[in-house]
Amino acid sequence: MRVSAQAQPNIALVKYWGKRDGGGNLPATGSLSVTLESLWTRMILQSSKHRKDSLTVNGVSAPEMLPRVSRCLDSVLGSNRERIHVVSDSNFPIEAGLASSASAFSALVIAANRLTGKNLSFSALSRFAGEASGSAARSMCGGFVELVADSDNVHIQQIADAEEWPLEVIVAITAEGKKPVGSGEAMIRSAKTSPFYSSWLNRQDHDLKLARTSILTRDFEALAFVSERNCLKMHSVMWSSRPPIVYWNSGTLDCLQTVRSLQAKGHGVFFTIDAGPQVKAICLPESRQAVHDALVATNGVIKAIRSKIGPPARLIL
Ligand code: DP6
């Protein structure tokens, strides 16, 4: 039995940066993202006769990533399950701040559910994806997606699909290596040591409301304002942690200046940055070419990837 699924990474506009106490990898607050189209992870799952699961990532055996994958398979299929060989391929750098865990774990739960004919609900699968990696729950949906954090649980809801507001994303890659510290570990450090952490959490509902409303009313300026501010607040929390968590490089800063000069010329564009040095520029379709060309010409940019807003995690042939 062999099953394939594909999912796209998502880019948070209102960030998830902090976990709840009590386990289950539940986020401390809600978050909101756009799912990308042109970046993807494809997962092939195959029943195995071996005593252990196995994992190949981009053509190379990856035993160090296997425990997290096996735990996710246990949560979907139960621990008394057959062993599985997992093959994961992505068309973009992984562990580099491009949300590869989001596309990987959302594809994994979709494929695992099919492999054994479990037929679990969307909300159960989103929960399992989120337990493996908080941002993965959002890649279960396409378009503009909110992770709503209730007092005892979380759920995913789509705010608008890609056709309803066809924005574009240009991802400027400024380094392709693995990030120095994983986001999960970095969040825990922020919670323990940043003096700004509690005010960051307290303002999240406010930012979520602004972002949600700006999407529903297609107010690009308002979405740009809240997204850039939310991103800079998250990085302020990281920078004020001890030891500081600094994912940026000089290319990251140069990209921000490029976005500012594009804005000064009247282009509809704004930036966001995650746990890595890459800059994601979200723009109106008419500014796509100018934003791409300006970012490619920016010091420190290795390449720029264009993307539209993408579809949900799904089975493929
Ligand atoms: C900065 O989802 O990678 O991209 O739950 O520990 O796997 P874990 O964290 P992860 O964190 C994503 C952090 C972020 C912001 C975001 O995507 O909302």
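Whatever order the structure lists ligands and atoms in, that order sets their numbers, starting from 1.
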Measure the spacing between CG of L120 and OG of S126 and express it to the nearest 0.5 Å. 11.0 Å

Say whether, by atom type as modelled, one donor and one acceptor occur between the side chain of R68 and the main chain of A132 under 3.5 angstrom. yes

For a quick check under 3.5 Å, do Q263 and E228 share a side-chain donor-acceptor pair by atom type? yes

Around atom 17 (O) of ligand 1, find the nearest protein heavy atom and jot down its residue, atom name and distance. R138 NH2, 2.8 Å

Run the ring-centre check on F220 versus F270 and record whether the distance is less than 6.0 Å. yes

Ligand-residue contact atoms, ligand 1 with N25, heavy atoms, under 4.0 Å: 5 (O)

Could you tell me whether ligand 1 has any atom less than 4.0 Å away from a heavy atom of R68? yes

Logged contact type for N10 with ligand 1, heavy-atom cut-off 4.0 Å, is neither

For ligand 1, note which part of E185 has a heavy atom under 4.0 Å away: side chain, backbone, both or neither. neither

Please tell me if the side chains of S236 and W200 come closer than 4.5 Å, counting only heavy atoms from C-beta onward. no

Mark up the atoms of ligand 1 that fall under 4.0 Å of a heavy atom belonging to A12, in ascending order. 16 (C), 17 (O), 18 (O)

Where is the nearest protein heavy atom to atom 2 (O) of ligand 1: which residue, which atom, and how far? S135 OG, 2.6 Å

Are any of the N/O atoms in K15 less than 3.5 Å from those in ligand 1? no

Would D207 and K233 count as a salt bridge (Lys or Arg N to Asp or Glu O under 4.0 Å) if you check the C-alpha gap in whole Å, the side-chain angles of each, and the deciding distance to 0.1 Å? CA-CA 11 Å; D207 286 5; K233 282 195 291 182; 2.8 Å; yes

Output the list of atoms in ligand 1 that are nearer than 4.0 Å to some heavy atom of D274, sorted by atom number. 1 (C), 4 (O), 14 (C), 15 (C)

Which residue holds the protein heavy atom closest to atom 11 (O) of ligand 1, what is that atom called, and what is the gap in Å? M187 CE, 3.3 Å

Heavy-atom distances under 4.0 Å decide this one: backbone, side chain, both or neither, for S101 against ligand 1? side chain

Nitrogen or oxygen of W17 less than 3.5 angstrom from that of ligand 1: no

Protein residue, atom and distance nearest to atom 7 (O) of ligand 1, heavy-atom basis: S133 OG, 2.7 Å

Atom 6 (O) of ligand 1: the protein heavy-atom neighbour that sits closest, reported with distance to 0.1 Å: K19 NZ, 2.6 Å

Counting each atom of ligand 1 from 1 as listed, which ones have a heavy atom of A275 under 4.0 Å away? 1 (C)

Check each of S183, P27, G182 against atom 10 (P) of ligand 1 and report the one with the nearest heavy atom. S183

Judged by modelled atom types alone, do S31 and R138 share a side-chain donor-acceptor pair under 3.5 Å? yes

Residue, atom name and distance, where the atom is the protein heavy atom closest to atom 13 (C) of ligand 1: Y16 O, 3.6 Å

Is a side-chain N or O of N249 found less than 3.5 angstrom from the main chain of T174, in a donor-acceptor match? yes

Out of curiosity, D74 CG to D53 CG, how far, rounded to the nearest 0.5 Å? 7.5 Å

Counting from 1 in the order shown, the ligand 1 atoms closer than 4.0 Å to a non-hydrogen atom of G184 are 6 (O)

Without swapping roles, check the side chain of R20 against the backbone of L26 for a donor-acceptor pair under 3.5 Å. no

Worked check of salt bridge (Lys or Arg N to Asp or Glu O under 4.0 Å) between E95 and K179: CA-CA 6 Å; E95 297 184 288; K179 57 187 154 196; over 6 Å; no

